[in-house]
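Written below as structure tokens is the structure these notes are about.
Being a predicted model, the structure only gives us computed values, none of them experimental. No hydrogens, no waters, no symmetry mates; every other heavy atom, side chains included, goes into these values. Lettering follows sequence order; numbering is per chain, from 1.
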Protein chains: 2
Amino acid sequence: MMSDAPGGETLLFLTDEQLRQGIEAMFFAYRGFTADPDRILAGLAYGRAHHRAIHFINRAPGTTVNNLLILLGVTKQSLNRVLRTLVEDGLVQSKVGKSDKRERHLFLTEAGEALERKLSDAQRARMRAAYRAAGPQAVAGFRQVLESMMDNDLRRRYQALKDSST
Amino acid sequence: MMSDAPGGETLLFLTDEQLRQGIEAMFFAYRGFTADPDRILAGLAYGRAHHRAIHFINRAPGTTVNNLLILLGVTKQSLNRVLRTLVEDGLVQSKVGKSDKRERHLFLTEAGEALERKLSDAQRARMRAAYRAAGPQAVAGFRQVLESMMDNDLRRRYQALKDSST
DNA sequence: ATTGGAATGTCAACAAGACTGACTTAAACT
DNA sequence: AGTTTAAGTCAGTCTTGTTGACATTCCAAT
């Protein structure tokens, strides 16, 4: 059971029921979050995995395969299959590294950028509507809770991405 | 481009870059959100799909198969496979409806409740830590944005679940 | 200079979890 | 009696993930 006011502040927002509602909100919201890009991808021969790869290559152009698979949290074999189709279809270009020729640096082609724009436009539209409905203060809280929910190493990578685009 | 202060309030939180950061936060946070239960389930012969079924049967005991598959957003064939193993393993009980004998009402057995507790304890622990770190105001904002992000019909179902447990 | 380790890629096999389509059974509604 | 609804089943497919084994290339350290 939860006792209240150990620091002069009520902790009612930490009850099991409140946490359970947060868990369900997270589950349902994530469905909405992926729904629009999924609809677009269903038409093409791609899935969510392709979307994620395209997103992060766009976000960090020239990233290595190794960096990408850590960001995505998948094995290199799994990522490789996705990457191969994207390269074959001319959406992604893979360039051998200059200083270290073992590494491959990944870039979107123009066609890749076009698809990225289409997908993220759809996703941002929903995000924008939600942000607008909730207001700036709610958005700040939203971001704060999400960041606290991440694993430590992913939070660091997330921060690095944020900082790189300032 | 985004102009500001149409209602006396700056809209800087609605820039594409802010939205993009929100999208990435959502992606990374969801990984953390599922990480702990996934670790537990990996040991047993179950996956995320079993977790979701168990969660909602616990949340709405006596729910019908039809209701459950709408909540989960999967086909009956997909749900059926999961449900069958849970019934076989004695975690879920399926009772023929009284007023309508076509319906099956689903309940957790004691073993099912035990696993549910184990899984949701782990998930709530992370949620609680995140909530505590962010504070009650941030949590309110978090919930608000998530609700705005849901599809309309799912938001209604989410609200119904919330109200049913007051 | 050779050896060891790291980064990448490839092949093969496999499993979870989703999908569609077709079909059955039983019950309920009209 | 005929239609619709709820649930379950069978078969086949797809995406996305997993291991394990192995080749290549290159860097770095002994």
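- Between the CG atom of A:D38 and the C1' atom of C:dC19 there is a distance of 13 Å, rounded to whole Å.
- Note: CG (B:L106) to C1' (D:dA7) measures 11 Å, nearest angstrom.
- Judged purely by atom type and a 3.5 angstrom limit, B:R124 has no side-chain atom pairing as donor or acceptor with the backbone of A:R20.
- Of the possible donor and acceptor atoms, one in the side chain of A:R155 sits under 3.5 Å from a partner among the backbone N and O of A:M150.
- Look at CD on A:E103: it is 12 Å from C1' on D:dT25, rounded to the nearest Å.
- Taking every heavy atom of residues 58-90 of chain B and every atom of DNA chain C, pairs under 4.0 Å involve B:G73, B:V74, B:T75, B:Q77, B:S78, B:R81, by number.
- Remark: the B:R104 side chain and the D:dA7 base include no donor-acceptor N/O pair separated by less than 3.5 Å.
- A:L71 approaches B:R31 most closely through the heavy-atom pair O-NH1, 3.0 Å.
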Starting from the C-alpha separation in whole Å, work towards a yes-or-no answer on side-chain contact (heavy atoms from CB on, under 4.5 Å) for B:Y46 and B:T85.
CA-CA 9 Å; B:Y46 298 131; B:T85 70; 4.2 Å; yes
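- Taking 4.0 angstrom as the limit, B:R48 places none of its side-chain polar atoms (N or O) nearer than this to OP1 or OP2 of D:dG17.
- Between the side chain of A:Q123 and the backbone N or O of A:T34 there is no donor-acceptor pair closer than 3.5 Å.
- Here the side chain of A:H50 is nearest to one of C:dA18, D:dT16, D:dA6, namely D:dT16.
- For the pair B:D100 CG and C:dA28 C1', the computed distance is 6 Å after rounding to whole Å.
- No donor-acceptor pair closer than 3.5 Å links the side chain of A:T64 to the backbone N or O of A:H105.
- When the nearest nucleotides of DNA chain D are assigned to B:H105 and A:Y46 by heavy-atom distance, the more 5′-ward of the two goes with B:H105.
- Taking atom CG of residue B:L41 and atom P of nucleotide D:dT18, one finds them 16 Å apart after rounding to whole Å.
- Side-chain atoms of B:R102 and base atoms of D:dT5 include a donor and an acceptor less than 3.5 Å apart.
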